[in-house]
There are 2 protein chains.
Amino acid sequence: MIETPYLLFLGDAPDALAAKVAQGIKDWRPDNAIGQFRMEGCNADMGLPDMTLAEAKAAGVRTLVIGVANRGGIISQAWKKILVNALEEGFDLASGLHNLLRDEADLVAVAQATGRKLHDVRVPTVQYPIANGVKRTGKRCLAVGTDCSVGKMYTALCMDREMRARGMKCSFRATGQTGILITGDGVPLDAVIADFMAGSIEWLTPDNDPDHWDLIEGQGSLFHVSYSGVTLALIHGGQPDALVVCHEPKRAHMRGLPGYRLPTLEAVRDAALAMAKVANPACVVVGYSINTQHMAEDEARAYLADVEARLGLPATDPFRFGAEKLVDALEALT
Amino acid sequence: MIETPYLLFLGDAPDALAAKVAQGIKDWRPDNAIGQFRMEGCNADMGLPDMTLAEAKAAGVRTLVIGVANRGGIISQAWKKILVNALEEGFDLASGLHNLLRDEADLVAVAQATGRKLHDVRVPTVQYPIANGVKRTGKRCLAVGTDCSVGKMYTALCMDREMRARGMKCSFRATGQTGILITGDGVPLDAVIADFMAGSIEWLTPDNDPDHWDLIEGQGSLFHVSYSGVTLALIHGGQPDALVVCHEPKRAHMRGLPGYRLPTLEAVRDAALAMAKVANPACVVVGYSINTQHMAEDEARAYLADVEARLGLPATDPFRFGAEKLVDALEALT
C-alpha cells in the first residue's frame with residue numbers, strides 16, 4: 001500500500017493530457033491529493049494548491065506521486081533533482097512510468113540512505129497463482145469496451161461512487177497503473193506474465209459478502225488485436241455477474257491500429273457475454289456506458305436514447321450524466 | 001539457437017509421461033536425438049542408444065537436453081552431478097523446467113568456467129514488440145483447441161511433415177517449451193509479459209513468401225479460464241488464414257478445472273473464427289484434428305466420420321491416420 005496523502009508531481013507536462021494520472025487521482029480521490037508540484041514550463045494544472053516540498057511536508061504529505069507521463073521514456077535530470085530532494089525531505093515516491101524508479105541508481109541509493117520507499121506500480125510485487133476457476137462468493141461487475149481508453153476505469157469509478165452514496169457494499173478493483181495510484185493497490189495486469197493473468201484477477205477479487213460488488217476496471221478490448229488476451233483474462237479471471245459495455249462514438253479507428261474499425265456495441269456485447277458465460281453462466285450485460293466527451297449535450301442525449309432504443313438496456317455517460325441507471329441495473333440483479 | 005545433435009537426459013523419470021519432452025524430440029526431430037541418458041530407476045525409454053557422457057561426446061553430441069519433468073520443481077543433487085559433468089565434458093545444457101538452470105549457482109559457475117551455454121527455454125530472451133496488427137505476407141495456420149493438451153502441437157507438426165513431403169514451403173512455429181526444444185527456437189508464450197503476447201507472435205511469424213505456410217503451435221483454449229488470454233493473443237497475433245480445431249473426446253472435464261465441461265467443437269469453431277476474423281477477415285476453419293489415443297481403431301474411425309458428417313469438414317487423427325486431409329484443405333485455399 002502507498003501511504004497517503006499525496007503531492008502530485010506534474011513536472012514539465014506539455015499539456016493536460018500528459019498529466020492524466022494526476023487528473024485521475026484528483027477526480028477520484030481528492031482527499032488524497034492535497035497539493036501539486038509544477039516545474040517551470042508546466043502546462044497542466046489540477047487546480048490544487050502549488051506547494052514546495054517543505055510546504056507539502058508541513059501539510060502532512062507522505063508520498064510524491066509522479067502524475068505525468070515522461071517524454072521519451074526516461075526520467076530526466078531536471079526531474080531527478082526534485083525526486084532526490086523529495087526523498088531527502090522524507091517522502092516516498094510512487095510512479096507508473098515504464099522507466100522504473102528502481103532502475104535509477106541514484107534514486108535507489110538515496111531511498112536506501114533515507115529509509116524511503118520507491119513504489120513502481122507498473123511492476124507486480126505479488127507472485128500470482130494460476131487461475132483455478134472456482135466460483136467465488138460475492139458479486140462482480142466488469143467494464144468491457146469496444147476499444148482501449150474509452151472510459152472503462154471512469155465507468156467503474158463512477159459506479160463505485162454512486163454505490164457508496166447508496167450505502168451499498170462495493171470495492172473498485174484497479175487493474176492499471178492509474179487505477180492503482182488512485183486506490184493505492186491493485187494488479188498491474190499488462191505487466192503480469194501470461195500464465196498468471198487470470199489468476200491475478202481471481203486474487204484481486206476474492207470471496208466476499210454475498211451483497212458485496214467488486215467493480216473491476218477493464219483493460220483493452222476483445223477486438224483490439226494488441227491487447228485482447230489481457231481482456232479475456234479479465235473476463236475469465238473476474239467471473240463477472242454483470243458486464244457494462246463501454247464505447248466512445250467519435251473514434252475513427254481502434255487506438256493505435258489505423259487499419260481496424262471499431263466493433264459495434266452488439267458485437268462486443270455478444271462476444272464478451274459468450275466468453276463470460278464460460279466462467280459464470282449467470283452473467284448478464286446490464287447496460288452501456290458511452291463516453292460523450294466529444295459531443296454537445298443534445299447530441300450526447302440523442303445518442304444515448306438511440307442506444308437504449310436499439311439495444312433495450314440502460315445507456316448513460318456516467319461521468320457526465322451520472323451512473324444511477326447502471327447501478328439501478330445492478331441492484332435489480334440482487 | 002540450441003546446437004544439435006542432442007543427448008536426451010531422461011534422469012529418474014518415474015514413467016513415460018514424465019519424459020514427454022524427450023518423446024516429442026524423438027518423435028519429431030529424430031536426427032537431432034542420437035542417444036539417451038538414463039539414471040538408476042528410470043522408467044522411461046525412447047528406444048535410443050543409452051550413452052555415457054563420453055560416448056555421447058564421441059558421437060558428436062553438442063547439447064544435453066533435459067527431456068524429463070523434475071519432481072517437486074527442483075533440480076535434485078542426483079541430477080546436478082550429471083549436469084555438472086556434462087558441462088565439463090563440453091556440452092551445452094537446455095531445459096524447459098520452471099526451475100531455471102541459470103538460478104543454480106553451481107551450474108552457472110561451471111558453465112562460465114567451461115565456456116558452455118545454459119538454455120532456459122522457459123524464459124523469453126527477446127524484447128518483443130507490442131502487436132501492430134499490420135497484415136503480413138505469406139499464409140498462417142493455427143491449431144486451436146477445446147482444451148489444453150489435446151494435441152495442438154502434434155497437429156501442427158504432423159501437418160508440417162506432410163507439407164514438407166509434398167514439397168510445400170512451411171515452418172512449424174513453436175510457442176511452448178517442448179516445441180522450442182524440438183525445433184531449437186520459438187516463443188515461450190506462457191512466460192511472456194501480457195502486453196507483448198500478441199506482438200511476440202507477430203515477431204514469430206513474420207512476412208514470408210506468398211505460398212509459405214507458418215504452422216503455429218496453439219496454446220490453451222478460448223474456453224479454458226486459466227489460459228484463455230494466451231489463446232486469444234495467438235489468434236490475434238498470428239493473423240491465421242486457416243484454423244484447425246483440435247479435440248480429445250475422452251476428457252471428463254477441462255484440464256485442471258473439475259467444474260468445467262469441455263465446449264463443443266461447434267462452440268470452439270464459432271468463437272475462434274469470430275475472433276480470428278478481427279485480425280484476418282478471410283480466415284476459415286479448414287478441419288478438425290481429433291486425438292483418438294484412448295479409442296480403439298473402429299471407435300476412432302466412427303467418431304471421425306461422425307464429425308465430418310456433422311460439421312461438413314475433414315476430420316482426422318493426424319498422428320494416427322495421417323494429416324493428408326488437413327493439408328489438402330490448406331492446398332485448396334491457395
Side-chain angles (χ1 to χ4, degrees), chain A residues 98 122-124 129-135 175-176 187-202 219-239 253-254 256-261 263 267 270-271 274-281, chain B residues 98 122-124 129-135 175-176 187-202 219-239 253-254 256-261 263 267 270-271 274-281:
Chain A
H98 275 286
R122 187 162 290 274
V123 183
I130 286 177
N132 64 23
V134 174
K135 177 74 182 157
T175 63
V187 167
L189 185 58
D190 63 10
V192 172
I193 300 276
D195 250 1
F196 305 99
M197 293 187 298
S200 75
I201 303 304
E202 290 189 348
Q219 295 293 337
S221 167
L222 287 178
F223 291 82
H224 194 296
V225 296
S226 310
Y227 308 116
S228 54
V230 176
T231 309
L232 188 50
L234 266 164
I235 291 173
H236 282 163
Q239 291 182 351
H253 59 73
M254 296 293 279
L257 303 175
Y260 289 78
R261 298 181 63 168
D270 293 346
M275 284 292 108
K277 281 174 179 282
V278 172
N280 183 355
Chain B
H98 275 287
R122 188 163 289 275
V123 183
I130 286 178
N132 64 25
V134 174
K135 177 72 181 158
T175 62
V187 166
L189 186 57
D190 63 10
V192 172
I193 299 277
D195 250 2
F196 304 99
M197 293 186 299
S200 75
I201 302 306
E202 291 189 349
Q219 295 293 337
S221 167
L222 287 178
F223 292 81
H224 194 296
V225 297
S226 309
Y227 309 116
S228 55
V230 177
T231 309
L232 188 51
L234 266 164
I235 291 174
H236 282 162
Q239 293 182 351
H253 59 74
M254 297 293 280
L257 302 175
Y260 289 79
R261 299 182 62 168
D270 293 345
M275 283 292 109
K277 281 175 178 280
V278 172
N280 183 355

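Letters go in sequence order (proteins before strands), and every chain restarts at 1.
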Point to revise | Heavy-atom pair with the smallest gap, counting every atom of B/A279 and A/V225 | key: CB-CG1, 3.9 Å
Check your understanding: For the side chain of A/S226 and the backbone of B/N132, is there at least one donor-acceptor N/O pair under 3.5 Å apart?
Key -> no
Revision key, fill the gap. side-chain hydrogen bond (donor to acceptor under 3.5 Å, both in side chains) filter on B/S221, not counting sequence neighbours, yields none
Practice item. Please report the shortest heavy-atom distance between A/Y260 and B/V278, naming the atom on each side. Key: CE2-O, 3.2 Å
Practice item. Any chance you could measure A/Y227, atom OH, to B/F196, atom CZ, to the nearest 0.5 Å? Key: 8.0 Å
Practice item. Identify which of B/D195, B/L189, B/V230, B/I130 forms the greatest number of heavy-atom pairs closer than 4.5 Å to chain A. Key: B/D195
Check your understanding: Which answer fits A/M275, side chain, backbone, both or neither, if we ask what part of it has an atom under 4.5 Å from a heavy atom of chain B?
Key -> side chain
Study note, to complete from the structure: Scanning both residues in full, the closest heavy-atom pair of B/A194 with A/M197 reads CB-SD, 3.5 Å
Study note, to complete from the structure: When rounded to the nearest 0.5 Å, the distance separating NZ of B/K277 from CZ of A/F223 is 13.0 Å
Practice item. Return the option, out of A/L234, A/V134, A/L222, A/T231, with the maximum number of heavy-atom pairs under 4.5 Å with chain B. Key: A/L222
Point to revise | Over 12 foreign heavy atoms within 6.0 Å of NE2, B/H98 | key: no
Exercise for review: Identify, with sequence neighbours excluded, every residue that meets side-chain hydrogen bond (donor to acceptor under 3.5 Å, both in side chains) alongside A/S200.
Suggested key: none
Check your understanding: Most heavy-atom pairs under 4.5 angstrom with chain A, which of B/S228, B/A233, B/G237?
Key -> B/S228
Point to revise | Which portion of A/Q239 sits near chain B, non-hydrogen atoms under 4.5 angstrom | key: side chain
Exercise for review: Evaluate side chain to side chain contact (heavy atoms under 4.5 Å, CB included) for A/V192 paired with B/I193, printing each intermediate quantity in order.
Suggested key: CA-CA 6 Å; A/V192 172; B/I193 299 277; over 6 Å; no
